[in-house]
Number of protein chains: 2
Amino acid sequence: MFDPVCPSDLSPIRVGDKWAGMIIRCLEHGTRRFSELRIPLRGITAKALTKSLRALERDGLIQRITHLDRARRVEYDLTPLGRSMLEPMATMCAWAEEHWEELLDAREASTPLQRAR
Amino acid sequence: MFDPVCPSDLSPIRVGDKWAGMIIRCLEHGTRRFSELRIPLRGITAKALTKSLRALERDGLIQRITHLDRARRVEYDLTPLGRSMLEPMATMCAWAEEHWEELLDAREASTPLQRAR
DNA sequence: GTAGTTGGTATCCGATCGGAAACCACGCCG
DNA sequence: CGGCGTGGTTTCCGATCGGATACCAACTAC
């Protein structure tokens, strides 16, 4: 789902920490379990995922639900507040897509070790 | 202009590094000089400002103009690309303002050292 | 009973962030 | 001549980020 060479790193806009934005998008279409989230977020470590989830929960964007039926089972879901972020996030994505080429060009054109005095 | 206890730290959305978003807004109404930028960005160090400006320049969002008339004089200006960010940024600000109370409540309600098993 | 899954924690590490403070080249002003 | 303003750079430092690795308790399946 998310490319390890994720192009979204190019965008200057970010939501929370490195993974938060992707997590929110993963939850867009319904609740997900801890280990389900690890699949699309290729290579995320348990520690990193836990940390991001806790931060999102603290900010009231997602909800953590522990089911006690039978085995251990934890689900994560967007809160209404979290869901309300999808709209501004879409705006940002649209901007990034629209100016994709310009962003790439700017990066390429920058000669990192020069600065005219 | 920018409160040292800036409420925008509460928003999970960020543009570039710590200062980039504010710098862009400072340039919204016209070109600014290095030392002019330091005033609204209360307490920013020269190093931090330089770093943010270089990053924004590298990403093609701002333009650095050195005037050689008389004394040393450097001006910073938004590029069209940079200016195009104002719109999505406004969207984000609107979201943050709209959900301001909820964000505050969520932070307050979070008891950092508890986690039910 | 023992191996596997789930949902994590704990520890270590190198890289980066961001502030404080010192320094500096250049030009101007008195 | 000396000091001041401009636009930085350099060094140091503590805090944070994010990855790798090891470990773990509870439950289930074989």
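Heavy-atom basis, side chains included; hydrogens, waters and symmetry copies ignored. A note on names: the letters A, B, ... follow the listed sequences, proteins ahead of strands, and every chain is numbered from 1.
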Distance check needed: [N] [atom2] versus [X] [atom1], whole Å only.
{"X": "Leu41(B)", "N": "dG7(D)", "atom1": "CG", "atom2": "P", "answer": "14 Å"}
{"X": "Leu37(A)", "N": "dG8(C)", "atom1": "CG", "atom2": "C1'", "answer": "14 Å"}
{"X": "Leu68(B)", "N": "dC26(C)", "atom1": "CG", "atom2": "C1'", "answer": "12 Å"}
{"X": "Arg73(A)", "N": "dT28(D)", "atom1": "CZ", "atom2": "C1'", "answer": "15 Å"}
{"X": "Arg38(A)", "N": "dG8(C)", "atom1": "CZ", "atom2": "P", "answer": "11 Å"}
{"X": "Ile39(B)", "N": "dG7(D)", "atom1": "CD1", "atom2": "C1'", "answer": "14 Å"}
{"X": "Arg72(B)", "N": "dT6(D)", "atom1": "CZ", "atom2": "C1'", "answer": "7 Å"}
{"X": "Glu36(B)", "N": "dT6(D)", "atom1": "CD", "atom2": "P", "answer": "9 Å"}

[X] vs [Y] side-chain heavy atoms within contact, under 4.5 Å:
{"X": "Leu53(A)", "Y": "Arg64(A)", "value": "no"}
{"X": "Arg25(A)", "Y": "Met22(A)", "value": "no"}
{"X": "Phe34(A)", "Y": "Thr50(A)", "value": "yes"}
{"X": "Ile65(A)", "Y": "Val74(A)", "value": "no"}
{"X": "Leu27(A)", "Y": "Leu37(A)", "value": "yes"}
{"X": "Thr31(B)", "Y": "Tyr76(B)", "value": "no"}

Is there a side-chain polar atom (N or O) of [X] under 4.0 Å from OP1 or OP2 of [N]?
{"X": "Arg54(A)", "N": "dT9(C)", "answer": "yes"}
{"X": "Arg64(A)", "N": "dG8(C)", "answer": "yes"}
{"X": "Arg33(B)", "N": "dG7(D)", "answer": "yes"}

Between the protein and nucleotides 14-22 of chain D, list the N/O to N/O atom pairs that are separated by less than 3.5 angstrom.
{"residue": "dG19(D)", "atom": "OP1", "partner": "Lys18(A)", "partner atom": "NZ", "Å": "2.4"}
{"residue": "dG19(D)", "atom": "OP2", "partner": "Trp19(A)", "partner atom": "NE1", "Å": "3.4"}
{"residue": "dG19(D)", "atom": "O6", "partner": "Lys47(A)", "partner atom": "NZ", "Å": "2.2"}

For residues 77-92 of chain B, tabulate all N or O donor-acceptor pairs below 3.5 Å that involve a side-chain atom, not counting sequence neighbours.
{"residue": "Thr79(B)", "atom": "OG1", "partner": "Gly60(B)", "partner atom": "O", "Å": "2.6"}
{"residue": "Thr79(B)", "atom": "OG1", "partner": "Leu61(B)", "partner atom": "O", "Å": "3.0"}
{"residue": "Thr79(B)", "atom": "OG1", "partner": "Leu81(B)", "partner atom": "N", "Å": "3.4"}
{"residue": "Thr79(B)", "atom": "OG1", "partner": "Gly82(B)", "partner atom": "N", "Å": "3.0"}
{"residue": "Arg83(B)", "atom": "NH1", "partner": "Glu28(B)", "partner atom": "O", "Å": "3.3"}
{"residue": "Ser84(B)", "atom": "OG", "partner": "Trp95(A)", "partner atom": "NE1", "Å": "2.9"}
{"residue": "Ser84(B)", "atom": "OG", "partner": "His99(A)", "partner atom": "NE2", "Å": "3.4"}
{"residue": "Ser84(B)", "atom": "OG", "partner": "Leu81(B)", "partner atom": "O", "Å": "2.5"}
{"residue": "Thr91(B)", "atom": "OG1", "partner": "Glu87(B)", "partner atom": "O", "Å": "3.3"}

Output the single nucleotide from dT9(C), dG8(D), dG7(C) whose closest atom is nearest the side chain of Ser35(A).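 The listed nucleotide nearest to Ser35(A)'s side chain is dG7(C).
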